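Below: one structure, written as structure tokens.
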There are 2 protein chains.
Amino acid sequence: MASKTIENYLKQIYLARQESRGKFIPMGRLANLMEVTPGTATTMVKALADAHLVGYEPRRGVKLSRAGEHLALHVLRRHRLVELLLVRVLKLDWSQVHEEAEEIEHAISERVLEAIDRLLGRPVADPHGDPIPTAGGKVHPQRFTSLATCPLDRPVRIVRILDQEPNFLRFVDQCGLTPQAIVRVQQRDPLADAVRLRIATDKSARCRILSGGVAARFLVRDP
Amino acid sequence: MASKTIENYLKQIYLARQESRGKFIPMGRLANLMEVTPGTATTMVKALADAHLVGYEPRRGVKLSRAGEHLALHVLRRHRLVELLLVRVLKLDWSQVHEEAEEIEHAISERVLEAIDRLLGRPVADPHGDPIPTAGGKVHPQRFTSLATCPLDRPVRIVRILDQEPNFLRFVDQCGLTPQAIVRVQQRDPLADAVRLRIATDKSARCRILSGGVAARFLVRDP
DNA sequence: CTTCCAATTTTGACTAATCAAAGTATACTG
DNA sequence: CAGTATACTTTGATTAGTCAAAATTGGAAG
Ligand SMILES: [Mn+2]
Ligand SMILES: [Mn+2]
Ligand SMILES: [Mn+2]
Ligand SMILES: [Mn+2]
């Protein structure tokens with residue numbers, strides 16, 4: 001069995017590659033994500049390479065092998081199913097479940113995972129809208145726009161939040177910008193880097209202004 | 001935070017002292033329970049003593065300090081609440097939950113624990129009838145007899161099984177000797193070391209024969 | 001081309017947890 | 001009481017994961 005440490009490295013490498021579409025993750029980036037010194041990351045990655053879980057090219061970076069990606073997806077599946085269990089069954093606040101799942105994801109067996117999946121009715125997304133990989137290790141590729149890029153003056157449905165930071169999530173909750181909410185972007189001001197929008201379900205007709213960077217963290221699709 | 005290893009040692013010391021009422025647990029016994037070599041147990045216990053979690057007397061053994069017992073009870077609380085969650089909510093077989101909880105008990109926070117406790121309605125016993133320590137670290141002292149010692153020909157209620165071994169628990173399930181079952185001991189033969197009993201809920205009026213040792217693992221009280 | 005810098009790798013050291021095997025003390029046994 | 005068996009402790013070594021600090025390198029800037 002892969003250790004907790006190994007699982008965390010693989011998951012982090014997987015997630016890092018999602019954003020920056022380049023094949024290799026540089027060591028400095030990985031070290032930052034794992035909150036270790038660069039030397040530690042280098043040492044660890046060489047060990048992972050020996051175990052054929054990653055490919056490593058000195059001074060270029062690291063990328064997952066087939067086996068490594070497979071393992072990373074399993075960890076991600078556990079993480080996201082646990083998050084959903086914590087929210088739906090144990091009624092924890094969605095702003096907190098990421099941190100909790102970070103530990104629990106390493107402690108549950110295939111049996112327990114299957115039981116959670118069954119209880120929740122084979123869900124396809126976690127509380128933040130992040131897709132849950134299948135038991136076979138497949139992720140349905142999402143091609144969503146965001147509040148920073150979607151068409152103006154048309155209602156769209158928020159389907160995913162690309163941020164796990166508790167304070168940010170509490171803010172999102174406050175605004176009513178949670179997944180499933182219907183919103184309409186009214187205006188974008190590129191120079192001010194501002195996005196003005198209205199939340200359909202908010203009767204008070206109040207507008208919200210978000211920066212472009214924040215708006216980009218809300219993925220949306222047609223309602 | 002205490003490591004997983006430390007939590008397991010403390011819990012094992014606590015449980016070992018329950019049975020053998022002597023104050024000190026000998027190193028050999030602890031090493032066996034922890035499935036490590038005696039030298040490892042000695043080394044570890046000396047570290048625990050330095051952290052004031054146990055008292056250690058060379059060649060006599062180890063016992064929990066106030067702080068150590070407190071921590072052990074917290075681990076036990078997590079373990080037993082997790083077991084109950086797995087059985088009641090996730091519908092896992094009670095023969096398997098002990099092993100599962102053995103890992104999960106180290107991964108859940110106070111927040112998650114409280115949520116489980118709330119969801120389950122502040123239960124006082126786990127699926128095996130083992131008492132769940134309170135958040136404050138108290139255990140209600142149970143004074144039960146067992147099928148090996150209870151009066152003959154009187155109905156009694158099974159309240160606790162002192163064994164976590166999956167095969168044994170499956171056998172218990174099969175017989176219908178699970179907690180809450182009502183049984184009546186018909187006869188004891190000390191020489192043959194045999195206990196004959198009937199399960200009240202079993203219409204077929206079949207008898208079971210258990211050895212004295214096995215019978216002693218079923219704690220009972222008046223129905 | 002040289003020079004220099006930032007990112008990376010290497011080196012040496014440390015902690016937690018473990019084992020094998022050698023040494024020691026206690027308890028039993030005659 | 002001496003001799004031995006058993007339980008325990010000590011010693012030396014190993015593995016996983018980590019950091020600090022020194023060494024290296026690949027490229028950007030002049
Ligand atoms: Mn994690
Ligand atoms: Mn999530
Ligand atoms: Mn455990
Ligand atoms: Mn139990």
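None of the values given here were measured: they were computed from a predicted structure.
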* Give every residue pair that meets the side-chain hydrogen bond (donor to acceptor under 3.5 Å, both in side chains) criterion with at least one member in residues 46-55 of chain A, sequence neighbours excluded. => none
* **Cation-pi geometry met for A:R17 and A:Y14 (6.0 Å, 45°)** => yes
* Asked: Would you call B:V156 and B:L147 a side-chain contact if the rule is heavy atoms closer than 4.5 Å?
  -> yes
* Does a donor on one side chain sit under 3.5 Å from an acceptor on the other, for B:N32 and B:R29? -> no
* **B:P133 to B:L73 - nearest heavy-atom pair and separation** => CG-O, 3.6 Å
* Do A:R88 and A:L119 come close enough that some side-chain heavy atom pair is under 4.5 Å? -> no
* Asked: Considering heavy-atom distances to DNA chain D, does A:E35 or A:R59 have its closest nucleotide positioned more toward the 5' end?
  -> A:E35
Identify the pairs formed between an N or O of the protein and an N or O of nucleotides 10-16 of chain C at a distance under 3.5 Å, and give each distance.
unit_1: C:dT10; atom_1: OP2; unit_2: A:K46; atom_2: NZ; d: 2.3

* **Start and end of chain B contact along DNA chain D [non-hydrogen atoms, under 4.0 Å]** => D:dA7 to D:dT10
* Structure fact -> Test side-chain hydrogen bond (donor to acceptor under 3.5 Å, both in side chains), reference B:H98, set B:H79, B:R80, B:H128, output is B:H79
* Starting at CZ of B:R60, measure out to CZ of B:F24 and round the result to the nearest 0.5 Å. => 4.5 Å
* Asked: Within this structure, what is the NZ-to-C1' distance between A:K4 and C:dA17, rounded to whole angstrom?
  -> 15 Å
